Amino acid sequence: MSDSYNPQEIESSVQEYWETQQAFKAEENNQQEKFYCLSMFPYPSGRLHIGHVRNYTIGDVISRYQRMQGKNVMQPMGWDAFGLPAENAAINNKVPPAKWTYENIDYMRSQLKRLGFSYDWSRELATCHPKYYRWEQWFFTKLYEKGLVYKKKATVNWDPVDQTVLANEQVIDGRGWRSGAVVERKEIEQWFLKITAYADELLNDLDQLEGWPDQVKMMQHNWIGRSEGVEIKFAIENIEGQEQTSVSVYTTRPDTLMGASYIAIAPEHMLAHYAAKNASEIDDFINQCKQTKVSEAEISTLEKQGMDTGLFAIHPISNKKIPVWIANFVLIEYGSGAVMSVPAHDQRDWEFAKKYNLPIIPVITNEQNSNNVDVSEGAFTDKGWLFNSQQFDGLSSQEAFEEIAKELETQNKGSKQINYRLRDWGVSRQRYWGCPIPIIHCDSCGSVPVPEQDLPVLLPEDIDLDGTSSPLNKLDDFINVNCPKCGTPAKRETDTFDTFFESSWYFARYCSVDNDQSMLDERAEYWLPVDQYIGGIEHAVLHLLYARFFNKLMRDHGLYEYDEPFKNLLTQGMVLKDGAKMSKSKGNTVDPEELINRYGADTVRLFVMFAAPPDHSLEWSDTAVEGSYRFINKLWRMVESFKEIVNERQEISASELNESQNNLHRKVHETIQKVTDDIGRRYTFNTAIAANMELSNELQKFDDHSTQGQAIHQQALESIVLMLSPIIPHVCHILWQKLGNSQAVHEVQWPKVDVNALKKDNMKLVVQVNGKKRATISVAANADNKQIEETALSDENVSRAITDKNVVKVIIVPGRLINIVVK
RNA sequence: GCCCGGGUGGCGAAAUUGGUAGACGCAAGGGACUUAAAAUCCCUCGGUAGAUAAUACCGUGCCGGUUCGACUCCGGCCCCGGGCACCA
C-alpha cells in the first residue's frame, strides 16, 4: 500500500520536528563559516500578503541552500511595528495601537510558522518594544553629543481643520483624507540627522558593493547627486537695512552666467516675504503656492507659475539689473531656495521666460568663434563655446567654468562649490505611535537629551486617539518633567521618530537581541555584515540609504568595524494581479492563508518561486498554482512507485552503464550543475525548478529495473529531492526518509557534480547559411573544424541552400554552431 | 517633471558572454483508462502557405543602424511599472 500526499498532515508534523530539534537556532561558532541571511521585516498590518510570502520564501531558499553548503546560517525575523496604520486602526476601531499591533504580530507569526521558514525565532524583535527602542534613544543622545543632530524649521502638510500634520499619502487631491480641508504647507521646528556629512562616503562606498544590483547603486548615486559648481552672490538693489541684502544661487553651469536674465526664488524665500509686505497680489500668490503638498513629484508636475517681486538683482559681472521672480517650482529645501535662470540654455527656464515674456539671452553655441545658436524653439542645453559674454567670449564651456569662477572669487562674489542633492534626514514625526524622541526642553538650558539612566522614555500605551493632533500633547504626566540639567520644570519633546529610524539598525540588533546592557556586543562582530539581504525594490533608495548611513554611524561610535551593512542585495519585484499592484483598495488581493489551507505551504512556496525570477514583477494566477500542486503530487508518486520496485540500495558502477543509463546519469549531473548555478549564483529559482521538472520528465520515462537501473534511478530521485528541499522543505523531508535515509534532509550536503558523468561522445551543432538555420548535424565530440565543415557542407539541406553560390567564409562557434557565409 | 527598470505565443516565462527564439509550466484541443466523474497517462499547440509532410517565408513594443549572425549592442520614439525624502 502506498501513502498519498497529504500536505496538511506532513507539514505540521515536519514543523513540529524542526521545533523540537531547534533545527534553525543559530549559535556563534568560529570554526564554521557564517552566513547571515536577512529578509526585510514586515509591518504587522494584520495578515501576510503574497508579497511577504514571496520575499520570505526567497530568503528561506537561500538560507537552506547555504546550510546545505555547510555554512553556519542565521536567519532571523522581527516586526517593523511602529507606523501610521496602527493609529488609523485605533481611530476607526477604538483599540489602542499597542494592542492592535501585538495581536497582529501574534497572528502573522503563526502564519509565518505555517509556511515553514527556517527562522531562529529566539532572536525575534519588535521595534515598538522598549527593549528595542531604548537603544535607539540612547544612540540618538550619543549622536546629539557628537553634533550630528540639530534642529531647524521644515515644511509639513498641515490640515487646518483636524489641526494635525498629514503624511503625503494622507493628502488626496490637495485635501486632508479625513477632514477634506485644503491642506497647507507649514513650517515647524524639527530634528535632523546630518546624513550630508556622510554624503561622500555613502557615494564612494557604493563601489564596494559588488553584490548589489547596478540599478540600485545607480539610483543611490543619483539620489546623493554630487555636483561641482559655483555659488554666486547677487546683490539686491534698494534693500538696505534688511537682514539679507543679497541672494545666493548655486549653478553647475557658471559658463552660462552672462545669459542669466532673472532670478527665481522659492515662495518661502525671505525675499518673497519681504516683497509681499506692501503688495497684496504677491502675498496672495505666496499663499496660493502654499496650497500644495510637500512632495517633489507634486511640485515638479505643477503648471509653472511665477510672480514678479519688483525687486532687482545686480548681475555680478555685467552689473546690469535683472528681475527677481517668485516661482512655484523652486524648492526652499534644496540649496539656498533660489536659482539663476538662463532661459537660452535651460529648458525649464526657457518655458518660464516664454510664458512671462522675460528676456532670452543666448551665450553658448556649438561652434567656436560664432554667435550662431537657435533658441527660438527651445533651449540649447549642450556645452559649447561662449559668445556675447564680454571678456569670456571664445572660451569653451569648460574653460569658462574656471575663468568665471576665478573672476567671481577675485571680486568676492562667489566661489567653486561641491553640492549634493541629498538633504539632511528629518527624523521628527508629529505622531503618537512611534519611538519618543529623548529630549527635554528647558527654558534656561534649551534642548537637553534625556540622561542614560532615565532611558527608555516609555511611550504611554493605554491611550485614546481621535484623529486630531498627537495624544502625547494631552498627557500632562508625559509632558511635564524636570530639566535633567537644572532641575526646574521643563517640557518633554512630544514628537516621535520617523519609522525609518527603527528599520535602519534592526539588522544589527538581531545579533545581540537579548542584551539589556548595550546596544550591540561581540556577537554582532561575528555575524555582521549581512551576507544576503532580500526585500522589495521600492526600498532601493530611502531605507537602504538610511541603513547604510546608520551602519557608518554605529561604526564610528565603535560598536563594530564594518563599513557596509549588506554584502549582497536581492531586490524582489512586485506581486501584481490583473496588471496592478495588489492592494486592499483595488480589491485584487490574494490571501496566502486560503491557499495554504487548500494546497499546503510547499505548493505556495513552489509557485511563487516558479512563476517568475525574483527581481521581476510576478503576475498572480490561480490556475497556475494547480500546476505546482500537480508537480509535487507527481514527485510523491515517483518516489512511492520507485519503492515498489527497489529491493535494496544499489551502488552506481559507471563502467557498467548502458546507453540509456548513461544518458540519465549525465542528465542528473547536468541538472545538478545547472541548479547549483541557478540557486547559488544567479538566484533564478524559476529555472532551477524547471530543470528539476525536466529531469523528472526524463526519469518518468526511465523504466529499467536492473541493478544499475535502480542505482541510477535512486540517485536521480535523491538529487531531485535534495535540490528541491530548500524550496519545498516539508515534502522533501518526508521523501528523503522514504528513500531510505535517516539524516534530516536540511542537514544533508548539497549534491556534487561528477564531471566524468558529463562527458559526451557526440555533439549537436546548428548549421546556418548566411545566419539562417538550415540544419542540425551530429559530429564526434572531438571533431576538428575541418571535419565539422565537411559534415555541414554534405548535409542535404545545406547543400541545397548554397547551390550556385560561392562560400565566402565559414564561422565555427565551438560546441554551438557553424555559419556558412555565401554570395 | 526628474531618476531607475521593463515590453518575447492565448498566459507566466526561457534563451547565462552577440550564436538553434519560445526550455519549463498554465490554459486550450484531441485520445487512452473508467459504468461515469475526478485523478492519471499519451499526442498537438507562435503565424502564414503546404497534405496534420518535407520545406519556405514572417515573427521578441515601434522606426532606423552596427554585424557573418541581434530578444541581446547603438540612435530615436511609444507604452507600462517602481522611487521622488511624512506609506512601509
Side-chain angles (χ1 to χ4, degrees), chain A residues 40 42-43 45 80 83-85 154 156-157 165-171 190 213-216 218-219 221-223 225 293-302 304 329 333 348 421-426 428-431 498-500 503 536-543 545-546 571 573-574 576 579-581 607 610-613 615-628 630-631 633-634 637 674 677-678 681-682 684 686-687 689-694 697 700 764-773 775-776 797 800 808-811 813 816-822:
Chain A
M40 289 181 187
Y43 178 78
S45 54
D80 188 15
L84 266 185
V156 294
N157 302 307
V165 175
L166 298 178
N168 279 332
E169 74 155 11
Q170 297 175 309
V171 181
Q190 312 208 50
D214 290 338
Q215 174 197 2
V216 173
M218 182 57 71
M219 283 193 260
H221 181 276
N222 293 340
W223 183 268
K293 73 173 169 184
V294 188
S295 112
E296 195 182 318
E298 195 87 3
I299 290 162
S300 63
T301 49
L302 284 175
K304 312 276 174 285
F329 55 84
E333 244 91 37
R348 191 176 62 181
R421 203 187 77 95
L422 181 69
R423 307 198 290 260
D424 276 337
W425 176 13
S428 299
R429 295 293 179 270
Q430 298 69 42
R431 308 217 191 290
D498 177 4
T499 56
F500 276 127
S503 57
I537 184 67
E538 67 274 20
H539 296 294
V541 177
L542 289 179
H543 161 63
L545 189 65
Y546 291 144
T571 49
M574 302 266 149
L576 312 172
K581 184 180 174 176
F607 174 71
F610 181 55
D615 52 345
H616 283 206
S617 59
L618 185 155
E619 182 70 31
W620 184 258
S621 156
D622 290 324
T623 49
V625 182
E626 292 272 359
S628 293
R630 273 206 285 269
F631 175 73
N633 269 288
K634 182 162 129 182
R637 283 194 306 274
K674 172 159 178 61
D677 189 47
D678 283 354
R681 178 182 67 89
R682 296 210 302 154
T684 51
N686 55 329
T687 54
I689 294 164
N692 275 292
M693 286 175 167
E694 233 180 287
N697 290 341
Q700 218 175 4
K764 285 206 161 104
L765 291 179
V766 159
V767 186
Q768 297 182 336
V769 176
N770 285 349
K772 287 199 171 178
K773 181 183 167 186
T776 311
N797 277 330
R800 178 147 31 92
V808 180
K809 68 174 155 175
V810 175
I811 292 151
V813 183
R816 288 201 176 264
L817 61 68
I818 161 166
N819 188 12
I820 300 162
V821 185
V822 293

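A, B, ... follow the sequence lines: proteins, then strands. Residue 1 opens every chain. Just so we're clear, the structure is a prediction, and the values are computed from it rather than from any experiment.
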- Task: Assign each of K809(A) and A690(A) to its nearest nucleotide of RNA chain B by heavy atoms, then name whichever residue's nucleotide is nearer the 5' end.
- Result: A690(A)
- Canonical and wobble pairing (Watson-Crick, G-U, under 3.5 Å) of RNA chain B, dot-bracket with |: (((((((..(((......[....))).(((((.......))))).((((.....))))..(((((..]....))))))))))))....
- Query: Across the strands shown, which category fits K674(A) at heavy-atom distances under 4.0 angstrom: base, sugar-phosphate, nothing?
  - Reply: base
- Task: Identify whether any heavy atom of W223(A) sits under 4.0 Å from a base atom; if not, whether one sits that close to sugar-phosphate; answer base, sugar-phosphate or nothing.
- Result: base
- Distance-only donor-acceptor test (3.5 Å): side chain R681(A), base rU16(B): yes
- How is V165(A) classified with respect to the nucleic acid when contacts are heavy atoms under 4.0 Å: base, sugar-phosphate, or nothing? base
- Item | Atom pair distance, as rounded to whole Å: CD1 in I537(A) and P in rA88(B) | 19 Å
- Message: So R630(A), base contact, sugar-phosphate only, or nothing? Heavy-atom distance under 4.0 Å.
- Response: sugar-phosphate
- May I ask you to say what N222(A) touches in the nucleic acid, namely base, sugar-phosphate or nothing, with a heavy-atom cut-off under 4.0 Å? sugar-phosphate
- Message: With a 4.0 Å limit, can you tell me whether N686(A) has a side-chain N or O closer than that to the phosphate oxygens OP1/OP2 of rG12(B)?
- Response: no
Using atom names, set out every protein N or O paired with an N or O of nucleotides 42-53 of chain B below 3.5 Å, distance rounded to 0.1 Å.
none

- Query: What interatomic distance, in whole Å, is found between C1' of rG9(B) and the corresponding atom of rA23(B)?
  - Reply: 14 Å
- Query: How would you label the contact of R423(A) with the nucleic acid (heavy atoms, under 4.0 Å): base, sugar-phosphate, or nothing?
  - Reply: base
- Note on the structure: Closest to the 5' end of RNA chain B, once D678(A) and G83(A) are matched to their nearest nucleotides, is D678(A)
- Task: Between rU52(B) and rU48(B), how far apart are the P atoms? Round to whole Å, please.
- Result: 13 Å
- Message: For the P atoms, the ones on rU8(B) and on rA15(B), what distance do you get once it is rounded to whole angstrom?
- Response: 15 Å
- Task: Please state the C1' separation for the pair rG19(B) and rC71(B) - nearest whole angstrom.
- Result: 13 Å
- Answer with yes or no whether Q170(A) presents, from its side chain, a donor or acceptor under 3.5 Å of a partner atom in the base of rC86(B). no
- Assign Q215(A) to base, sugar-phosphate, or nothing according to its heavy-atom contacts below 4.0 angstrom with the strands shown. sugar-phosphate
- Can you tell me how far C1' of rG82(B) sits from CG of L618(A), to the nearest Å? 16 Å
- Task: Nearest whole angstrom, please: distance from the C1' of rG82(B) to the CD of E169(A).
- Result: 16 Å
- Calculate the interatomic distance between H539(A) atom NE2 and rG82(B) atom C1'; express it in whole Å. 11 Å
- Message: Output the rounded distance in Å from CD (E538(A)) to P (rC3(B)).
- Response: 22 Å
- Message: Whether the side chain of T301(A) and the base of rG1(B) hold a donor-acceptor pair under 3.5 Å is what I'd like checked.
- Response: no
- A297(A) near the nucleic acid: base, sugar-phosphate alone, or nothing, with a heavy-atom cut-off under 4.0 Å? base
- Message: Considering every strand and a 4.0 Å limit on heavy-atom distances, what is the contact class for D615(A): base, sugar-phosphate, or nothing?
- Response: nothing
